[in-house]
Amino acid sequence: MNTLNYFKKWAALAALVSMFGIATSSAQETPPHHKAVKKAEKTVKDNTTLTKETAKQSARKESTAANTEANKAVKSAEKAKSDATKTKELTKQSAKKESTAAKTEANKAVKSAEKAKSDAAKTKELTKQTVKKENEISKVEADKALKASDKAKSNTSVSTVKMKNSASAAKKSATDKLSSEKYNGHAVYIGPEGGKYYINSNGNKTYIPRN
């Protein structure tokens, strides 16, 4: 670019010299100067042509260099675009893999939670059944204990009644006379009116029929 400006300056200077020469030639009518003016014009013309050609070559070189740089820039941009596309695709694939892995882990977590819930429900049901059976067993045992208690109480009442009756009979028999007779293995008593009796297993008097 500096070389082109340089030649442009020389072309302008040559043009000024040419114009100056033409004006001088017109002002002077003497023939000897006419040749000098033509020579000067030819020199200026040659210099102008040389300057134009040099500027043209310089411009061509600069254009070629600019095209080369532009091509390099285009290739660099295309490479950057290609690299960006590859990076985007790799990122997309990586994100897809990570998403798939996350989804798999989420499914595992859901299945694990469902299994835990199912196990908890089974455990709860087993515990409920066990408690129910234990309650039933406890109820049966309680009923047995209650029946045994009632039976023991009944037996105690019967024994008490027997003992009371026996005591009452013994008390009443105290005024009666004990004979030496036996009736069905029981001692025979004689009452105040001469009746005979014995004390049965319930503690009551059982009179012996008279013959």
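Computation of the quantities below employed the complete heavy-atom set of this structure, encompassing side-chain atoms and omitting hydrogens, waters and symmetry-equivalent molecules.
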State, yes or no, whether a side-chain contact exists between Q57 and E53 at a heavy-atom distance under 4.5 Å. yes
Closest non-hydrogen atom pair between [X] and [Y], with its separation:
X	Y	answer
K182	V188	C-CG2, 3.8 Å
N200	T206	ND2-OG1, 3.0 Å
D176	I190	CB-O, 3.3 Å

Sub-3.5 Å donor-acceptor pair from the side chain of S99 to the main-chain atoms of A95, do we have one? no
Backbone N or O of K96 within a donor-acceptor pair of the T100 side chain at under 3.5 Å? yes
If you measure from [atom1] on [X] to [atom2] on [Y], what distance do you get to the nearest 0.5 Å?
X	Y	atom1	atom2	result
I137	E134	CD1	CD	7.0 Å
L126	K133	CG	NZ	9.0 Å
K196	Y183	NZ	OH	11.5 Å
T130	E125	OG1	CD	9.5 Å
K124	K122	NZ	NZ	15.5 Å

Could you give all pairs that pass the side-chain hydrogen bond (donor to acceptor under 3.5 Å, both in side chains) test and reach residues 68-86, with sequence neighbours left out? K79-D83
